[in-house]
A.B. asks: 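Quick one: the structure is below, and I'll ask about it shortly.
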Amino acid sequence: MLSEKEIKSLIDLLDDPDEEIYGMVEEKILSLGSHVIESLEEEWEGAFEPLKQSRIEYLIHKIQFSQTVTSLRTWYLGGAYDLLEGLLIVNRYQYPDKDEQEIINILEEIKRDVWLEMIYNMSAVEKVRLLNNVLYNKHGFRGNTKNYHDPENSYIGRVLETKRGNPILLASIYSIIAQKVDLPVYGVNLPRHFILAYLDEDAHHEKEVLFYINAFNRGQIFGKHDVFAFLKQLNLPNEKHFFEPCDNLAIITRVLRNLLSSYSQSGTSEKVMEIQRLLDILGQD
């Protein structure tokens with residue numbers, strides 16, 4: 001492990017115009033990992049040369065992206081059990097310095113607001129209406145219809161801040177809150193849309209759906225026949241998985257594919273390559 005003085009000497013070489021020397025310095029700095037980021041940030045603040053600043057920014061991003069890659073791979077290999085952790089990892093890609101405890105605190109606040117009004121003998125529909133009132137009326141969440149393809153709609157930190165998101169992020173937040181108050185609400189990976197299913201807790205068969213919820217449209221409740229009609233409109237077959245809850249891997253994969261599409265449309269080629277690498281980790285090439 002290099003000392004702070006040795007790291008400082010290494011960083012001082014980042015303004016060397018010789019590309020061969022820079023290449024060696026870059027490789028060495030990247031090999032040091034995340035603990036060198038603080039030193040890089042301090043050097044950036046005192047640097048006045050555009051070349052040095054841009055190289056420092058590049059190195060910091062490379063190190064942070066490497067951390068995101070490692071975290072996503074660990075989440076995937078560990079069984080992808082925690083949806084919130086998957087969403088936080090995606091959020092780290094764009095906002096690596098975000099205080100994730102703030103995100104957790106906001107979700108806990110929403111959960112408390114629902115829990116305080118929940119009555120044990122409420123029907124499933126009444127519970128959903130309560131959740132809808134807290135999310136959409138009290139906290140002001142909405143579907144981002146004006147900037148539907150904005151990549152910001154796919155980062156949970158930004159969606160919780162702006163109260164605007166795309167169908168899958170609003171549905172994910174809805175599902176996370178619902179499950180925190182013991183409501184059996186899970187995501188359904190419908191083509192060109194993402195909805196939620198409220199499972200019948202008294203059903204004898206696994207994954208029997210009581211009704212569906214459209215989180216993008218203020219928690220609208222609808223039935224199986226509406227899903228049939230939607231698929232018919234798209235000329236798609238009534239495949240079983242279009243009506244049943246999907247796993248967390250499918251949700252995070254779709255979040256990343258939305259980002260891939262957003263960055264492709266904006267011509268941000270470097271981000272397209274990085275998001276594709278994250279998809280590759282999940283086996284979605």
Side-chain angles (χ1 to χ4, degrees), residues 30-35 37 60-108 110-111 151-161 165-180 182-190 194-197 199 207 215 241 244-264 268 270-285:
L30 290 175
S31 72
L32 296 174
S34 60
H35 82 276
I37 289 178
I60 290 173
H61 177 71
K62 285 278 284 186
I63 293 168
Q64 289 173 333
F65 180 64
S66 177
Q67 289 177 298
T68 302
V69 166
T70 301
S71 297
L72 188 65
R73 184 178 289 115
T74 301
W75 179 81
Y76 171 59
L77 294 176
Y81 291 115
D82 189 334
L83 174 58
L84 177 56
E85 177 59 23
L87 293 169
L88 288 173
I89 291 167
V90 174
N91 198 76
R92 276 173 224 156
Y93 167 70
Q94 183 66 16
Y95 298 100
D97 299 321
K98 173 68 178 177
D99 182 358
E100 293 180 357
Q101 190 58 48
E102 287 183 15
I103 293 174
I104 293 166
N105 290 345
I106 292 170
L107 293 171
E108 285 299 313
I110 299 169
K111 181 203 85 170
E152 299 286 272
N153 294 328
S154 292
Y155 296 114
I156 188 170
R158 289 295 293 149
V159 173
L160 290 173
E161 286 172 17
N166 58 24
I168 193 165
L169 256 292
L170 290 177
S172 294
I173 290 169
Y174 195 112
S175 175
I176 288 168
I177 299 299
Q179 290 173 42
K180 281 178 177 289
D182 299 325
L183 301 186
V185 176
Y186 300 90
V188 177
N189 206 1
L190 198 61
F194 194 91
I195 59 173
L196 295 162
L199 300 190
K207 293 182 179 179
H241 64 273
E244 296 182 347
C246 61
D247 59 20
N248 294 332
L249 177 59
I251 294 175
I252 298 302
T253 296
R254 186 150 175 181
V255 170
L256 289 171
R257 281 182 172 154
N258 283 345
L259 279 170
L260 189 71
S261 175
S262 295
Y263 289 131
S264 294
T268 318
E270 185 179 339
K271 287 188 177 294
V272 168
M273 288 188 289
E274 289 174 339
I275 296 297
Q276 185 57 60
R277 186 177 174 195
L278 296 179
L279 282 165
D280 291 343
I281 290 169
L282 304 181
Q284 308 295 322
D285 48 23

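Along the sequence shown, residues are numbered consecutively beginning with 1.
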A.B. asks: Could you tell me if the side chain of Val90 sits less than 4.5 Å from the side chain of Ile156, heavy atoms only?
C.D. replies: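 No, too far: nothing below the 4.5 Å cut-off.
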A.B. asks: Considering residues at least two apart in sequence or located in another chain, which fulfil the ring pair (Phe, Tyr, Trp, His ring centres under 6.0 Å) criterion with Tyr155?
C.D. replies: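 Result, ring pair (Phe, Tyr, Trp, His ring centres under 6.0 Å) vs Tyr155: Tyr95.
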A.B. asks: Could you grab the distance from atom CG of Leu72 to atom CG of Leu278, nearest 0.5 Å is fine?
C.D. replies: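 One gets 5.5 Å once the value is rounded to the nearest 0.5 Å.
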A.B. asks: Would you please test Gln64 and Arg92 for side-chain contact (heavy atoms from CB on, under 4.5 Å) and show each step?
C.D. replies: CA-CA 8 Å; Gln64 289 173 333; Arg92 276 173 224 156; over 6 Å; no
A.B. asks: Before you tell me yes or no, could you show the steps for Val272 and Leu260 under side-chain contact (heavy atoms from CB on, under 4.5 Å), namely the whole-Å CA-CA distance, both residues' side-chain angles and the distance that decides it to 0.1 Å?
C.D. replies: CA-CA 6 Å; Val272 168; Leu260 189 71; 3.7 Å; yes
A.B. asks: With sequence neighbours left out, write down each residue that passes side-chain contact (heavy atoms from CB on, under 4.5 Å) with Asn153, or none if nothing qualifies.
C.D. replies: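 Applying side-chain contact (heavy atoms from CB on, under 4.5 Å) to Asn153 gives Asn144, Asp150, Asn166.
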A.B. asks: Are Phe194 and Asn189 packed together at the side-chain level, in the sense that at least one heavy-atom pair is separated by less than 4.5 angstrom?
C.D. replies: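 Phe194 vs Asn189: side chains touch.
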A.B. asks: Please report the interatomic distance CG(Leu279) to CD1(Ile252), rounded to the nearest 0.5 Å.
C.D. replies: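 Reported to 0.5 Å precision, the distance equals 11.0 Å.
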A.B. asks: Side-chain contact, heavy-atom cut-off 4.5 Å: Ile176 with Leu87?
C.D. replies: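 When only atoms from C-beta onward are counted, Leu87 and Ile176 do touch, with a gap below 4.5 Å.
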A.B. asks: Could you state the interatomic distance from CD1 (Ile281) to CH2 (Trp75), rounded to the nearest 0.5 Å?
C.D. replies: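 Between Ile281 CD1 and Trp75 CH2, I get 11.5 Å after rounding to 0.5 Å.
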A.B. asks: Take Arg277 and Glu270 through the salt bridge (charged side-chain N to carboxylate O under 4.0 Å, His left out) test and state the conclusion after the steps.
C.D. replies: CA-CA 11 Å; Arg277 186 177 174 195; Glu270 185 179 339; over 6 Å; no
A.B. asks: Side chain of Ser66, backbone of Lys62: donor and acceptor closer than 3.5 Å?
C.D. replies: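 No; zero donor-acceptor contacts below 3.5 Å.
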A.B. asks: Please give me the minimum heavy-atom distance between Val188 and Glu244, naming the atom from each residue.
C.D. replies: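 Answer, listing the atom of Val188 first, then Glu244: CG1-O, 3.6 Å.
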A.B. asks: Could you give the distance from CD (Glu102) to CG (Leu107), rounded to the nearest 0.5 Å?
C.D. replies: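 Taking CD in Glu102 and CG in Leu107, the distance rounds to 12.0 Å.
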A.B. asks: Roughly how far, to the nearest 0.5 Å, is CD of Glu85 from CD of Glu100?
C.D. replies: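 It is 7.0 Å, given to the nearest 0.5 Å.
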A.B. asks: Will you find, in the side chains of Gln179 and Ser175, an N or O donor that is under 3.5 Å from an N or O acceptor?
C.D. replies: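 Looking only at side-chain atoms, Ser175 and Gln179 do form a donor-acceptor pair, the distance falling under 3.5 Å.
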A.B. asks: Heavy-atom distance under 4.5 Å between the side chains of Ile275 and Tyr93, does that happen here?
C.D. replies: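 The answer is yes, as the side chains (C-beta and beyond) meet within the 4.5 Å cut-off.
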A.B. asks: Please confirm whether the backbone N or O of Gly157 pairs with a side-chain atom of Asn91, one donor and one acceptor, at under 3.5 Å?
C.D. replies: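 Flag set: sc Asn91 to bb Gly157 pair under 3.5 Å.
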A.B. asks: Under the criterion salt bridge (charged side-chain N to carboxylate O under 4.0 Å, His left out), I'd like the reasoning laid out for Lys111 against Glu108: C-alpha separation, chi angles, the key distance, then a yes or no.
C.D. replies: CA-CA 5 Å; Lys111 181 203 85 170; Glu108 285 299 313; 3.3 Å; yes
A.B. asks: Between CD1 of Ile251 and OH of Tyr186, what distance do you get to the nearest 0.5 Å?
C.D. replies: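 Reported value, rounded in 0.5 Å steps: 11.0 Å.
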A.B. asks: Taking the side chain as everything from C-beta on, heavy atoms only, tell me whether Asn248 gets closer than 4.5 Å to Asp82.
C.D. replies: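 A side-chain contact under 4.5 Å is absent here.
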A.B. asks: Sub-3.5 Å donor-acceptor pair from the side chain of Asn105 to the main-chain atoms of Gln101, do we have one?
C.D. replies: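 The answer is yes, because a donor-acceptor pair under 3.5 Å joins these two groups.
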A.B. asks: Does Pro96 reach the side chain of Thr68, with side-chain heavy atoms less than 4.5 Å apart?
C.D. replies: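 SC-SC contact between Pro96 and Thr68 ruled out.
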A.B. asks: Could you tell me whether the side chain of Arg257 reaches within less than 4.5 Å of the side chain of Ile168, counting heavy atoms only?
C.D. replies: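 A side-chain contact is absent here, since even the closest heavy-atom pair is not under 4.5 Å.
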